Amino acid sequence: MKRTIVISQPCRINISNDQLVCAKSDESTLSVSFEDLGILLLETSQYIITGAALSRLMEAKVAVITCTDNHHPNGLLLPLAGGGTHTEVLRTQVEASQPLRKQLWKVTVKAKISNQAVFSKQWGDHADPLFRWSKKVRSGDPDNYEARAASWYWKRFLGKTQKFLRDPEGDPPNSLLNYGYAILRAAMARAVVSSGLHPSLGIHHRNRYNPFCLADDLMEPYRPFVDSIVRGLYFEQGEHYLSRDAKAALLSVLTADVLIAGNRRPLLLAMSMSSSSLAECYAEKSASLTFPTPHEN
């Protein structure tokens, strides 16, 4: 299981004995093996990092996330290639047919709505429409069940008595959702690149200005796991804004247990399984795109 390291204090980041060493302003140091690292989150702008450290991070396939002065993720640095067969995998991705991409999007949307339904049911909501719509999604989702489910889901996210509008610029707890999704996006982009796929070539998302279309596609079924944490923070801990405790809770989504391919795995590992299964679909080695489901509490 790869580790996520958060740098939130002024520090100097360098290499020593092939370890990433973070020397903090209080004279304490943190040393981590590059092979154990999955994500490096630079939450402060008060750091100095050497070129050697950055290069070694990319060799170890570590995703590096930068943040604004108010601690919101605003940048992502990823390795250029994912493995020895990178060119071959990339060719199959580029040559994927439109019918195949539509079928893959159908599986993705079904998984997202199904996970929304499972969490809604756990929250005590009436989730029958979501379960029903998840089974009706057709190739390419021409009936736009994803949007229909989202409308139903967000209206009930904070219960029947509290109105909630999902808007990245909106009222709390939108900022908590934004932070959690940014973590998911970085982790999925890392998984995509590690599988030899290119993050800009999406299944469904095709915004010409978005370099992470594929990560945005594959993270859709993972969003409800962040939603569940945010809902818990909001109701059980009274966290409406991005406090230190709230950010720590949101980062823990990467280590949360999920069910995937019949086994219980950490969510970060499940992301690698999803991206690997997509590469196998493109290569016609498998017809099954794999996504996780929540496990029973």
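All figures in this text were calculated on a predicted structure; none of them were measured in a lab.
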Distance, nearest 0.5 Å, that separates OH of Tyr282 from CG of Leu197: 7.0 Å

Qualifying residue for side-chain contact (heavy atoms from CB on, under 4.5 Å) with Val258, from Pro266, Pro294, Pro292: Pro292

Check ion pair Lys247-Glu43 (N to O, under 4.0 angstrom): yes

Side-chain donor-acceptor contact under 3.5 Å, Ser134 with Tyr145: no

Side chain proximity check, Thr293 to Val118, heavy atoms < 4.5 angstrom: no

Distance-only polar pair, side chains of Asp26 and Ser28, donor-acceptor under 3.5 Å: yes

Side-chain donor or acceptor of Ser252 paired with backbone N/O of Ala249 under 3.5 Å: yes

Check against ring pair (Phe, Tyr, Trp, His ring centres under 6.0 Å), Phe119 and Phe225: CA-CA 8 Å; Phe119 278 117; Phe225 293 93; 5.3 Å; yes

Flag for His204-Asp217: side-chain donor and acceptor within less than 3.5 Å: no

Distance-only polar pair, side chains of Asp227 and Tyr153, donor-acceptor under 3.5 Å: yes

Pairs where residues 177-206 contributes a residue and the test salt bridge (charged side-chain N to carboxylate O under 4.0 Å, His left out) is met, not counting sequence neighbours: Arg185-Asp216

Geometric cation-pi criterion Arg156 and Trp154, 6.0 Å radius, 45° cone: no

Donor-acceptor contact present, side-chain Gln93 to main-chain His198, <3.5 Å: yes

Electrostatic pair Lys24-Glu27, nearest N-O below 4.0 angstrom: no

Main-chain N/O of Pro224 paired to Ser228 side chain as donor or acceptor, under 3.5 Å: no

Verdict with supporting geometry, Ser120 and Leu130, side chain to side chain contact (heavy atoms under 4.5 Å, CB included): CA-CA 9 Å; Ser120 291; Leu130 292 175; 3.7 Å; yes

Side chain to side chain, Ile7 and Leu40, heavy atoms closer than 4.5 Å: yes

Under 4.5 Å side-chain linkage, directly or through intermediates, the cluster mates of Tyr209: none

Residues, nucleotides or ligands: over 12 heavy atoms within 6.0 Å of Asp167 CG: yes

Sub-4.5 Å side-chain heavy-atom contact between Glu146 and Val137: no

N/O donor-acceptor pair under 3.5 Å between Asn178 side chain and Pro168 backbone: yes

More than 12 heavy atoms of other groups within 6.0 Å of Gln98 CD: yes

Side-chain donor/acceptor of Tyr222 to backbone N/O of Ala270, under 3.5 Å: yes

Inter-residue atom distance Ile65.CD1 - Leu78.CG, 0.5 Å rounding: 9.0 Å

CG on Leu218 to NZ on Lys112, rounded to 0.5 Å: 13.0 Å

Gln162 atom CD: more than 12 heavy-atom contacts under 6.0 Å: yes

SB check Asp143 Lys136 (cutoff 4.0 Å): no

Salt bridge flag under 4.0 Å for residues Arg3 and Asp36: no

Approximate separation, where rounding is to 0.5 Å, of Leu158 CG and Phe164 CZ: 6.0 Å

Pair Asp257-Arg265, side chain to side chain contact (heavy atoms under 4.5 Å, CB included): steps then yes or no: CA-CA 5 Å; Asp257 281 345; Arg265 296 283 186 266; over 6 Å; no

Main-chain N/O of Lys110 paired to Ser114 side chain as donor or acceptor, under 3.5 Å: no

Point-to-point distance, once rounded to the nearest 0.5 Å, from CD of Glu59 to OG of Ser55: 4.5 Å

Close side-chain approach of Tyr181 to Arg223, heavy-atom, < 4.5 Å: yes

Asn115 side-chain N/O to Pro221 backbone N/O, donor-acceptor pair under 3.5 Å: yes

Transitive ILVMFWY side-chain link Phe235 to Leu242, under 4.5 Å: yes

Side-chain donor or acceptor of Lys106 paired with backbone N/O of Arg101 under 3.5 Å: no

Under 3.5 Å donor-acceptor, Thr4 side chain and Ile39 backbone: no

Verdict with reasoning, Met271 to Leu184, per side chain to side chain contact (heavy atoms under 4.5 Å, CB included): CA-CA 9 Å; Met271 287 182 154; Leu184 278 188; 3.4 Å; yes

Which atom pairs, one a donor and one an acceptor, fall under 3.5 Å between side chains of residues 9-23 and the rest of the protein, sequence neighbours left out?
residue : atom : partner : partner atom : Å
Asn14   : OD1  : Thr50   : OG1          : 3.3
Asp18   : OD1  : Arg56   : NE           : 2.9
Asp18   : OD2  : Arg56   : NH2          : 3.4

Nearest-0.5 Å distance that lies between atom CG in Asn74 and atom SG in Cys67: 6.5 Å

